Structure formats: C-alpha cells, structure tokens
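A short worksheet on the structure shown next.
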Amino acid sequence: MIRKIIPLALPVLALVGGAVAGDMLRAPAPDAVASEHAGTPEAAGDGHGAAPGGHDAAPAGEAAWFQFPTQFFVPLVRQGDLQDVMILTLTMQTDSTSLGALAKKEHSLRDAMLRALMIHANTGGFDGNFTADRNLATLREGLLRAARAATDLPVSAVLIEDIVRQPG
C-alpha cells in the first residue's frame, strides 16, 4: 500500500515545496517592483536596481519593468501522464508611464501568458534542449504576442528571468 502512495506523494510534495520556495523568493508587491525596476538595464547596471543618481523611478517614457509577483507553473503532460513541470519567472518591458496600468491588468496578462506557455509546452517547445537560443527566441516571441493581444498598453519585450524543469 505504501509503495503505491510514495510515487504519487513525492511529485505532490516536490510541487508544494517548489511553490513554498517560490513564495519565499516572491517579488515584492507591484508598487515596490515598479520603483525597484524603473531604471533601464543599461542605466541600472544589472537591470534589477534603481536608476543611478538615487532616483527610484525612470523619467516618463523611459523603459520600465513589470515582474509578475509569482512564478508560472506549466505541467508537461505526455500521453496523459505528468512528466515534468516547467517553472518560469517572467518580466515585461514597458514604459514608465504605463507601469501602473500594466500592474492593474496583471490577471488578464497572466492568463494570456499561461495560455501561451501551455501552447508552447503542448507543441513540444520544452522538449529536448529547451534552453537553445532558437527555442527561447520562439518562446519569447509567443509570450510577447500573447502580452500584446491581452492589453493595448505598450509591451516591448518579455524577459525570461528564471526557467527550470522540475521532474514530475
């Protein structure tokens, strides 16, 4: 009996552990993200800090970054069985004047991005060497199309900050 339960319980425990760890590493609220990611990657050095000179927000019209506050979990199902789970952290580039409005549309954007991730997974995009440049370029293009279709706000790029395949 226990031998039947263990193979079912381990993936569930791994998924819960990943979710808890993701929550611990979770980004701050969108308002805090807006001020933290307001500088351009070139201006901030690594793309994650404030603009130089002590300014917390980029001047109007400059690049700004919206990071989804939670990770995306994409199940990889083959022949009806859960094989693996892809875990991704995504950020979108917009302009500083649209950052607040973009944060208000987080739910519809998240739905569109998850839909694009599921399509990518179901068409084999995460099979084999999913980190090859051409595979990541295809994924970014699909995510950018999904983001632009979900909002009329300017989204100029989708960044994949973290990507990992966790065995199911």
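Side chains are part of it too, since the values below use all heavy atoms of this structure and drop only hydrogens, waters and symmetry mates. Numbers here are sequence positions counted from 1. Worth saying up front: this structure is predicted, and the values here are computed from it rather than measured.
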Note to self: On a heavy-atom basis, which atom in Gly128 and which in Arg165 lie closest, and how many Å separate them?
What the structure shows: O-NH2, 3.2 Å
Checklist line | Steps toward side-chain contact (heavy atoms from CB on, under 4.5 Å) verdict (Arg115, Asp111) | finding: CA-CA 6 Å; Arg115 200 173 326 128; Asp111 176 66; 2.3 Å; yes
Checklist line | Leu109 side, atom CG; Lys104 side, atom NZ - distance, nearest 0.5 Å | finding: 14.0 Å
Margin query: To check you understand the geometry: which heavy-atom pair defines the closest contact between Pro75 and Ala121, and what is its length?
Written below: O-CB, 4.4 Å
Check: Rounded to the nearest 0.5 Å, how far apart are CG of Leu159 and OG1 of Thr89?
Finding: 11.5 Å
Next item on the list: Determine whether more than 12 heavy atoms belonging to other residues, nucleotides or ligands lie under 6.0 Å from atom CG of Asp133.
Entry: no
Next item on the list: Over all heavy atoms of both residues, which pair between Leu114 and Phe73 is shortest? Give the atoms and the distance, please.
Entry: CD1-O, 4.0 Å
Item checked: Stepwise side-chain contact (heavy atoms from CB on, under 4.5 Å) test for Arg110 and Phe72 -> CA-CA 9 Å; Arg110 186 173 190 81; Phe72 289 81; 3.5 Å; yes
Check: Same cluster for Leu136 and Leu144 if Ile/Leu/Val/Met/Phe/Trp/Tyr side chains link at under 4.5 Å?
Finding: yes
Margin query: Between Val158 and Ile119, is there shared hydrophobic-cluster membership here, with clusters defined by ILVMFWY side-chain heavy atoms closer than 4.5 Å?
Written below: no
Next item on the list: For Arg145, enumerate each residue passing the side-chain contact (heavy atoms from CB on, under 4.5 Å) test, keeping only those at least two apart in sequence or located in another chain.
Entry: Glu141
Check: Between Thr94 (side chain) and Pro154 (backbone), is there a donor-acceptor pair under 3.5 Å?
Finding: yes
Note to self: Just to verify, which of Met113, Arg140, Gln71 counts as forming a side chain to side chain contact (heavy atoms under 4.5 Å, CB included) with Leu90?
What the structure shows: Met113
Checklist line | Validation row: Phe130, Leu139 side chains within 4.5 angstrom (heavy atoms) | finding: no
Note to self: Nearest 0.5 angstrom please: Arg78 CZ to Asp84 CG, how far?
What the structure shows: 9.0 Å
Check: To the nearest 0.5 Å, what is the distance between NZ (Lys105) and CZ (Phe66)?
Finding: 12.5 Å
Next item on the list: For Val155 and Ala147, work out which heavy atoms get closest and say how close.
Entry: CG1-CB, 4.1 Å
Margin query: Closer than 3.5 angstrom, by distance alone: can the side chain of Thr151 be matched with the main-chain N or O of Arg148 as a donor-acceptor pair?
Written below: no
Item checked: Identified side chain to side chain contact (heavy atoms under 4.5 Å, CB included) partner of Phe126 from the options Leu117, Asn135, Thr131 -> Leu117
Next item on the list: Any chance you could measure Leu76, atom CG, to Asp127, atom CG, to the nearest 0.5 Å?
Entry: 7.0 Å
Check: Between atom CE of Met118 and atom CE of Met86, what is the distance when rounded to the nearest 0.5 Å?
Finding: 12.0 Å
Checklist line | Heavy-atom pair of closest approach, residues Ala116 and Leu143 | finding: CB-CD2, 4.0 Å
Next item on the list: Determine the minimum heavy-atom distance between Ala112 and Ala150, stating which atoms define it.
Entry: CB-CB, 3.6 Å
